[in-house]
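Working notes, structure below.
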Amino acid sequence: RIDAAIDVHVMSSPAGARRIMDSESTSGSHTIALGDACRLYGQVLTFRKNAFFVRLVGLQDAPQTEPALIELARGVEQKLN
């Protein structure tokens, strides 16, 4: 269990979500198979799905943060369907 903050932004179209995702640096990130595109930067996970852009921020720096963020993001993704 971790504490996390989640921001969900609804854009006017999928292209808007893609533009935001593409504008962020990929340095230090790795991709995750989630949504239309997803990146994990340690304690921060961002993904886009259709017109949604989602950012999750883990509030602890612990080994379980990354897997917990991925699990939480999968749950959020299901709600966006």
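Because only heavy atoms are used, hydrogens play no part in the values below, and waters and symmetry mates are left out as well, while side chains stay in.
In this structure, Gln64 has no side-chain hydrogen bond (donor to acceptor under 3.5 Å, both in side chains) partners at least two apart in sequence or on a different chain. Taking the salt bridge (charged side-chain N to carboxylate O under 4.0 Å, His left out) definition, one finds that Arg55 meets it with Glu24, sequence neighbours left out. Listed by chain and number, the residues in a salt bridge (charged side-chain N to carboxylate O under 4.0 Å, His left out) with Glu77 are Lys49 (sequence neighbours excluded). Not counting sequence neighbours, the partners of Ala68 by the side chain to side chain contact (heavy atoms under 4.5 Å, CB included) test are Ile2.
Both Leu69 and Ile32 sit in one connected hydrophobic cluster of ILVMFWY residues. Membership requires side-chain heavy atoms under 4.5 Å apart, directly or through other members. In the hydrophobic clustering of this structure, Val76 groups with Ile70; members are Ile, Leu, Val, Met, Phe, Trp, Tyr whose side-chain heavy atoms approach within less than 4.5 Å, directly or through other members.
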Exercise answer: donor-acceptor pairs, residues 40-47 side-chain atoms, under 3.5 Å, sequence neighbours excluded:
residue, atom, partner, partner atom, Å
Tyr41, OH, Ser25, O, 2.6
Tyr41, OH, Arg39, NH1, 3.3
Gln43, NE2, Gly58, O, 3.1
Gln43, NE2, Gln60, O, 3.1

Under 3.5 Å, side-chain donor or acceptor atoms of residues 7-23 against the rest of the protein: list the pairs with distances, not counting sequence neighbours.
residue, atom, partner, partner atom, Å
Ser13, OG, Ala15, N, 3.3
Ser23, OG, Ile20, O, 2.7

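For the salt bridge (Lys or Arg N to Asp or Glu O under 4.0 Å) condition, no pair includes a residue of residues 59-74, sequence neighbours left out.
In plain terms, the two heavy atoms of Ala5 and Leu59 that are nearest each other are N-CG, 4.5 Å.
Atoms CG and CG, on Leu56 and Leu72 in that order, are 5.0 Å from each other to the nearest 0.5 Å.
Looking at Thr26 and Ser29, their side chains come closer than 4.5 Å, going by heavy atoms from C-beta outward.
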